[in-house]
Enquirer: 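Let me begin by handing over the structure; questions about it come next.
As the structure lists them, so they are numbered: ligands from 1, and atoms in each ligand from 1. Hydrogens, waters and symmetry mates play no part in the numbers below; they use all other heavy atoms, side chains included.
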Amino acid sequence: MAAMTSTSGPSSVPSRPLLNRRLAEFGTTIFAEMSALAVRTGALNLGQGFPDTDGPDAVREAAVRALRDGRGNQYPPGPGVPELRTAIAAHQERRYGLSFDPDTEVLVTAGATEAIAASLLALVEPGDEVIALEPYYDSYAASIAMAGGTRVPVTLRPRDGAFRLDLDELRDAVTPRTRLLLLNTPHNPTGTVLTRAELAEIARIAVARDLLVVTDEVYEHLVFDGAEHIPLATFPGMRDRTVTISSAGKTFSFTGWKVGWVTASAPLTTAVRSAKQFLTYVASGPFQYAIAEALALPDAYFEDFRTGMEAKRDLLAKGLADAGFGVYRPSGTYFITTDIRPLGADDGFAFCRALPSRAGVVAIPNAVFYDHRAEGAPYVRFAFCKREEVLRDAVTRLARLG
Ligand SMILES: *Cc1c(COP(=O)(O)O)cnc(C)c1O
């Protein structure tokens, strides 16, 4: 091989950075680092948000049946199988009184992640500003970047025991270049659920400033303490300027199936589909049939799922408070954001890197969800979508910190 190399000729190693400038800041995710740390140290992983038990047997069996019966083993239709599109439309009607045409106003995607990416790629021109609530789910920043948009964070800040949106700050963030608001309620990682009054004002701003809204509602069925999830699309003037996104992963505890969806007006759905068809084209064939059945489960399923998760929240929230954390009790999602300053720490990164050896637990530093990293520095996120015995074990371990 030596004969083929030369000291003066071109190097065999490409000299330009491989990852393009748009994505350079998204090289590796904290989840990979923290999950590897969990494996290496045998710590309990309350970092990444996936359940440690599968969803309903009946839904799993429905997927097996579809697979055996040869339904969905070949490319399903681009917009999704009709059974699932009909079930999604029926769910929106039954829960929220929103009516969507399954043929023109519903689009099945490879999880909510693809729905978010396709929406931004379809609706954002390079240079458009996209407002997102900070801290934000990690794929938002990357999707805005891939679309060539400029992200404009509006920061949720602690007020009366929860992270709240400052509507004046949101209003001030809108400029003539703002194309789109990227919302998330119930909100990961803070557990905030936007109130009816807040959503009504967001709707007024969107109409007054002619903005589109992409709203990530994957935790729509996980709201606690009597809080209500209200889709933004139900507010006056919003149906035709809102892309509503949800997913089966969180609601039915099958995060590996990657069945997500968009409901929106026909023109918006068509636009999103134009981008989506060149990302995955289609995905999750047999699982689409199973999720069609899941969406038709009786209300008791959704209520039991919600109350079961609420009990897990209570268990972990109490354990964290007893261990000395400042606890922001979430009104939704399956995450708890904590403040580590009562424990005498203020750097969430250092705290999370040390936590496995100090207490045998893995958590995520909220700073990774911020552009203004200093704002997020003292906060750490724990997931409670785990079996009760795992949460009890975690609570016992965390008590060592005190
Ligand atoms: C988990 C999650 C998603 C991703 O959903 P998939 O259906 O797995 O792609 C999107 N948004 C938020 C806020 C999430 O927590």
Enquirer: Nearest protein heavy-atom contact for atom 8 (O) of ligand 1: which residue, which atom, what distance?
Expert: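 Going by distance alone, atom 8 (O) of ligand 1 is nearest to Lys258 NZ, 3.2 Å.
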Enquirer: So His221 and Phe302, would you call those rings parallel, tilted or perpendicular, with 30° and 60° as cut-offs?
Expert: tilted
Enquirer: Hey, is Glu114 touching ligand 1 through its side chain, its backbone, both or neither, going by heavy atoms under 4.0 Å?
Expert: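 Neither; no heavy atom under 4.0 Å.
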Enquirer: Checking side chain to side chain donor-acceptor pair (under 3.5 Å) against Arg381, which of Thr333, Thr190, Asn188 comes through?
Expert: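 Of all the options given, the one that passes is Asn188.
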Enquirer: Hey, is Thr113 touching ligand 1 through its side chain, its backbone, both or neither, going by heavy atoms under 4.0 Å?
Expert: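 For Thr113, backbone and side-chain atoms both sit under 4.0 Å from ligand 1.
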Enquirer: I need the contact type for Asn184 against ligand 1. Using non-hydrogen atoms and a strict under-4.0 Å cut-off, is it side chain, backbone, both or neither?
Expert: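 The side chain, only.
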Enquirer: Output yes when the distance from some N or O of ligand 1 to some N or O of Tyr140 is under 3.5 Å, and no in every other case.
Expert: no
Enquirer: Do ligand 1 and Tyr137 have nitrogen or oxygen atoms that lie under 3.5 Å from each other?
Expert: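 The answer is no, given that Tyr137 and ligand 1 share no N or O pair closer than 3.5 Å.
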Enquirer: Can you tell me which residue and heavy atom of the protein come closest to atom 13 (C) of ligand 1, and the distance to 0.1 Å?
Expert: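 Residue, atom and distance for the closest contact: Asp216 OD2, 3.3 Å.
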Enquirer: Kindly assign one of parallel, tilted or perpendicular to the pair Tyr301 and Phe252, based on the angle between their ring planes and the thresholds 30° and 60°.
Expert: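 Correct class here is parallel.
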Enquirer: So, do Tyr281 and Tyr75 have ring centers that fall under 6.0 Å from each other?
Expert: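 Yes, the ring of Tyr281 comes within the 6.0 Å limit of the ring of Tyr75, centre to centre.
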Enquirer: To check your reading of the model: name the closest protein heavy atom to atom 15 (O) of ligand 1, its residue, and the distance in Å.
Expert: Tyr219 OH, 2.7 Å
Enquirer: My understanding is that only one of Thr104, Thr263, Asp101, Asp103 makes a side chain to side chain donor-acceptor pair (under 3.5 Å) with Arg85; could you say which?
Expert: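 It is Asp103; the other options fail the test.
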Enquirer: According to the interplanar angle, ranging from 0 to 90°, do the rings of Phe224 and Phe384 count as parallel (below 30°), tilted (30 to 60°) or perpendicular (above 60°)?
Expert: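 Tilted, since the angle between the ring planes falls between 30° and 60°.
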Enquirer: What I want to check is whether the side chains of Tyr136 and Arg151 have a donor and an acceptor closer together than 3.5 Å.
Expert: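 Short answer, yes.
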Enquirer: Classify the angle between the aromatic ring planes of Tyr96 and His91 as parallel (below 30°), tilted (30 to 60°) or perpendicular (above 60°).
Expert: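 The rings of Tyr96 and His91 stand perpendicular, inter-plane angle above 60°.
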Enquirer: List ligand 1 atoms under 4.0 Å from Lys250, heavy atoms only on the residue side.
Expert: 1 (C), 2 (C), 3 (C), 14 (C), 15 (O)
Enquirer: Side chain, backbone, both or neither: which part of Ala112 has a heavy atom under 4.0 Å from ligand 1?
Expert: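 Ala112 to ligand 1: contacts from backbone and side chain alike.
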Enquirer: Check each of Gly256, Pro189, Gly260, Ser247 against atom 7 (O) of ligand 1 and report the one with the nearest heavy atom.
Expert: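 Comparing heavy atoms across Gly256, Pro189, Gly260, Ser247, the nearest one to atom 7 (O) of ligand 1 lies in Ser247.
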